[in-house]
*Asks:* 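For reference, the structure I am asking about is given below.
All of these numbers come straight from a predicted model, not from anything done at the bench. We number each residue from 1, following the sequence as shown. Because only heavy atoms are used, hydrogens play no part in the values below, and waters and symmetry mates are left out as well, while side chains stay in. When a ligand or atom number is given, it counts from 1 through the structure's own listing order.
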Amino acid sequence: MLKEEIRKKLIAVVGEENFDDSKVGRLAYSFDATPNFQAMPDGVVSPRNTEEVSSLIKICNEYKIPVVPRGTGTNLCGGTCPTEGGIVFLFKHMNKILEIDEENLTATVQPGAITLDLINAVEAKGLFYPPDPGSMKSSTLGGNINENSGGLRGLKYGVTRDYVIALEIVLPNGDIMRSGGKLAKDVAGYDFTRLFVGSEGTLGIITEATLKLVPKPETKKTMLALYQDLEAAARSVSKIIASKIIPTTLEFLDQATITVVEDYVKIGLPTDAKAVLLIEQDGSPEVVQKDIEKMTDICKSENAVSVQVAQSDEEAEQLTTARRWALSALARLKPTTILEDATVPRSEIANMVKAINEIAKKYDLNICTFGHAGDGNLHPTVPTDARNKEEMERVEKAFEEIFIKAVELGGTITGEHGVGIMKAPYLELKLGKEGIAAMKAVKAALDPNNIMNPGKIFAKDSRKRVVVGK
Ligand SMILES: Cc1cc2nc3c(=O)[nH]c(=O)nc-3n(C[C@H](O)[C@H](O)[C@H](O)COP(=O)(O)OP(=O)(O)OC[C@H]3O[C@@H](n4cnc5c(N)ncnc54)[C@H](O)[C@@H]3O)c2cc1C
């Protein structure tokens, strides 16, 4: 519970109406989309502008109270779970698209703006903001920036990081700083913009962002390639890229996922296929047509049993929407859904998928795998039940082995969901002791009192020494 003195100071900044330390209010922000993590904050504040954020953070810094910035809590790494209590900062008042600059091709937004609202607003002007996480209907741009989120269009267009060109940041001591600008070039000092993208709320609070836009592609086409052999699907991915085509989207779904998604969306997905590739290309009509034809040939040469090109925009939209709903569909199976995002070089996709299937067998688990095959970013997902302790232990061991395998194959423990609290114990696998020490030094320099989202990214204990095969 907050001391009365601190309560009064926080309320003096935002007013009673934007401060909540009732049990119900705190309970509502004690968890996020990540299963199995819950902890009560001491209070929740909703600042209305940057100056209020700065005043609030100064109070938290003075009393060494944890600050947990929160968008809509859709992260999948426990990133907004207030594990050490403290104050949750909400951005429901700071949710505007401030400007769409058609001359400089930029959009300037507040952190609480919803991703899809920005995408729709810029498309209405013939422009394009490519990062499209599956959660874009509800996720915020502040959350996307802090997780460096990816999406279905990441293969061709990159991830959130590639579009953030300027930030307004409130540092843990309350200072308000700006990095970058509406600039194509800027090498003035350290690249703070890049440092803050993906920093998971551990370095400061982002109160404004300027994002790069590109012209909206003239047209797009979508196709589905069906396989009876997982490795043939994985080989097609490598072969498409090797043939110098970069499709907008190159997604993979295994049979378990296709079956569950079809049961949810009922659009006639091929549940008898062992694997499906969902492929999309955009650009000028001539290039799109040529690429689709070439990719059809490649998929067929790799024994795709069927290749179907969507005949209308509606059909194409249905297919991509079905893919976006994969997680929601899987979440219907059991009370708990654990989804990971191990990522490997795309040339290792086949090996990773094979390893996941072997690990699933070894631990007697139903692991459904889907993901951004073109990026090497897979989402092995286990529908389970957190109340079944014995099964949860098997799930945890299986994921440890999956992370270890991904790193062995030259990959990483997370491609887009962030480290948060969930993957903190595995970070050393990827970075080594030296990497962790360097990152902690940056954190300590900016946040010496460790108030910003404490307990995230860095773990007390490492799982580095897990031995595969035991
Ligand atoms: C169904 C579903 C599908 C998903 N699909 C994808 C996908 O395709 N690709 C992908 O990358 N992710 C995906 N995600 C994960 C998640 O949606 C993303 O991580 C998203 O960016 C989180 O946005 P949010 O607004 O919910 O942020 P939150 O979850 O509220 O916060 C995320 C992180 O950002 C920090 N933060 C938020 N706002 C600020 C701020 N203003 N300043 C400083 N720190 C801040 C928080 O402290 C936290 O560490 C999916 C999640 C779900 C539930």
*Asks:* Report yes or no: does S138 have a heavy atom closer than 4.0 Å to ligand 1?
*Replies:* no
*Asks:* How far is atom 9 (N) of ligand 1 from its nearest protein heavy atom, and which residue and atom name does that atom have?
*Replies:* G150 O, 3.1 Å
*Asks:* Sequence neighbours left out, what pairs pass ring pair (Phe, Tyr, Trp, His ring centres under 6.0 Å) with at least one residue falling in residues 47-78?
*Replies:*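 Sorted pair list comes back empty.
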*Asks:* Atom CD1 of I279 and atom OG1 of T248: how far apart are they, to the nearest 0.5 Å?
*Replies:*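 Rounded to the nearest 0.5 Å, the CD1-OG1 separation comes to 11.0 Å.
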*Asks:* If you take all heavy atoms of P454 and T83, which pair is closest and at what distance?
*Replies:*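 So the two residues come closest at O-OG1, 3.7 Å.
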*Asks:* For K460, is the NZ atom crowded, meaning more than 12 foreign heavy atoms sit under 6.0 Å from it?
*Replies:* no
*Asks:* By number and element, which atoms of ligand 1 are closer than 4.0 Å to a non-hydrogen atom of G204?
*Replies:*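 Listed by number with element: 43 (C).
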*Asks:* Around atom 18 (C) of ligand 1, find the nearest protein heavy atom and jot down its residue, atom name and distance.
*Replies:* S149 OG, 3.6 Å
*Asks:* N/O to N/O below 3.5 Å, does that happen between L76 and ligand 1?
*Replies:* no
*Asks:* Pairs of nitrogen or oxygen atoms closer than 3.5 Å, one from P69 and one from ligand 1: do any exist?
*Replies:* yes
*Asks:* Does L327 approach ligand 1 within less than 4.0 angstrom via side chain, backbone, both or neither, non-hydrogen atoms only?
*Replies:* side chain
*Asks:* Just checking, any donor-acceptor pair under 3.5 angstrom between side chains of N104 and T106?
*Replies:* no
*Asks:* Taking the six-membered ring of Y163, is the NZ or CZ of K212 close enough (under 6.0 Å from the centre) and on axis enough (within 45°)?
*Replies:* yes
*Asks:* Measure the spacing between CZ of R70 and OG1 of T140 and express it to the nearest 0.5 Å.
*Replies:* 10.0 Å
*Asks:* Would you indicate which of N146, N144, V88 comes nearest to atom 45 (C) of ligand 1 when only heavy atoms are counted?
*Replies:* N146
*Asks:* Does the T249 side chain pair with the main chain of P247, one donor and one acceptor, at a distance under 3.5 Å?
*Replies:* no
*Asks:* Would you kindly say whether E280 and T222 are connected by a side-chain donor-acceptor distance under 3.5 Å?
*Replies:* yes
*Asks:* Please list, in number order, the atoms of ligand 1 under 4.0 Å from a heavy atom of I205.
*Replies:*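 Those qualifying, in numeric order: 42 (N), 43 (C).
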*Asks:* Who gets closest to atom 15 (C) of ligand 1 by heavy atom: T74, V53, D341?
*Replies:* T74
*Asks:* Considering non-hydrogen atoms only, spot the tightest contact between A322 and L269 and give its length.
*Replies:* CB-CD1, 4.2 Å
*Asks:* Could you see which bit of T80 sits under 4.0 Å from ligand 1, with heavy atoms only: side chain, backbone, both or neither?
*Replies:*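 The answer is the side chain.
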*Asks:* For atom 38 (N) of ligand 1, find the nearest protein heavy atom and state the residue, atom name and distance (0.1 Å precision).
*Replies:*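 Scanning the protein heavy atoms, the shortest distance from atom 38 (N) of ligand 1 goes to G142 C, 3.7 Å.
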*Asks:* Which part of F91 is near ligand 1, with near meaning a heavy atom under 4.0 Å away: side chain, backbone, both or neither?
*Replies:* side chain
*Asks:* Please verify the inter-ring angle class for H372 with H379; under 30° counts as parallel, over 60° as perpendicular, anything in between as tilted.
*Replies:*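 Perpendicular: the ring planes of H372 and H379 meet at over 60°.
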*Asks:* Report yes if S139 has an N/O atom closer than 3.5 Å to an N/O atom of ligand 1; otherwise report no.
*Replies:*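 Checking ligand 1 against S139, no N or O pair falls under 3.5 Å apart.
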*Asks:* With nothing but distance in play, are any N or O atoms of A33 less than 3.5 Å from an N or O of ligand 1?
*Replies:* no
*Asks:* Taking heavy atoms and a distance under 4.0 Å, where does H417 meet ligand 1: side chain, backbone, both or neither?
*Replies:*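 Near ligand 1, H417 shows its side chain, while the N, CA, C and O stay back.
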*Asks:* Just checking, any donor-acceptor pair under 3.5 angstrom between side chains of E262 and T271?
*Replies:*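 Short answer, no.
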*Asks:* Identify, for atom 29 (O) of ligand 1, the protein heavy atom at the shortest distance, and state residue, atom and that distance.
*Replies:*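 Going by distance alone, atom 29 (O) of ligand 1 is nearest to N75 ND2, 2.8 Å.
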*Asks:* Heavy atoms only, cut-off 4.0 Å: how does N453 contact ligand 1, side chain, backbone, both, or neither?
*Replies:*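 Side chain only; the backbone of N453 stays clear of ligand 1.
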*Asks:* If you measure every N/O of S135 against every N/O of ligand 1, is any gap under 3.5 Å?
*Replies:* yes
*Asks:* If I apply the N/O under 3.5 Å rule, does R70 come out as touching ligand 1?
*Replies:*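 No, since none of the N or O atoms of R70 sits under 3.5 Å from an N or O of ligand 1.
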*Asks:* Would you mind telling me if ligand 1 is within reach of the side chain of E147, the backbone, both or neither, using heavy atoms under 4.0 Å?
*Replies:* side chain
*Asks:* Taking atom types as modelled, is there a side-chain donor on T160 or N148 under 3.5 Å from an acceptor on the other?
*Replies:* no
*Asks:* Check each of V68, T74, N75, T72 against D32 using the side chain to side chain contact (heavy atoms under 4.5 Å, CB included) test, and report the only one that passes.
*Replies:*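 That would be N75; it is the only one of V68, T74, N75, T72 passing the side chain to side chain contact (heavy atoms under 4.5 Å, CB included) with D32.
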*Asks:* Does an N or O from G134, backbone or side chain, lie closer than 3.5 Å to an N or O of ligand 1?
*Replies:*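 The answer is yes, given that G134 and ligand 1 share an N or O pair closer than 3.5 Å.
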*Asks:* For atom 28 (P) of ligand 1, what is the nearest protein heavy atom, given as residue, atom name and distance?
*Replies:* G73 N, 3.5 Å
*Asks:* Does ligand 1 come near enough to I206 that some N or O of the ligand is less than 3.5 Å from an N or O of the residue?
*Replies:*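 It does: an N or O of I206 is found under 3.5 Å from an N or O of ligand 1.
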*Asks:* With heavy atoms only and a cut-off of under 4.0 Å, state how P111 meets ligand 1: side chain, backbone, both or neither.
*Replies:*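 Side chain only; the backbone of P111 stays clear of ligand 1.
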*Asks:* Mind checking whether E200 has an N or O less than 3.5 Å away from an N or O of ligand 1?
*Replies:*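 It does: an N or O of E200 is found under 3.5 Å from an N or O of ligand 1.
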*Asks:* What residue and heavy atom of the protein are closest to atom 27 (O) of ligand 1, and at what distance?
*Replies:* G143 CA, 3.3 Å
*Asks:* What residues, two or more places apart in sequence or in another chain, satisfy ring-ring contact (aromatic ring centres under 6.0 Å, His included) together with Y29?
*Replies:*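 With sequence neighbours excluded, Y29 shows a ring-ring contact (aromatic ring centres under 6.0 Å, His included) to no residue whatsoever.
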*Asks:* Evaluate I59 against V13 for side chain to side chain contact (heavy atoms under 4.5 Å, CB included), listing each step before the verdict.
*Replies:* CA-CA 10 Å; I59 298 166; V13 177; 3.9 Å; yes
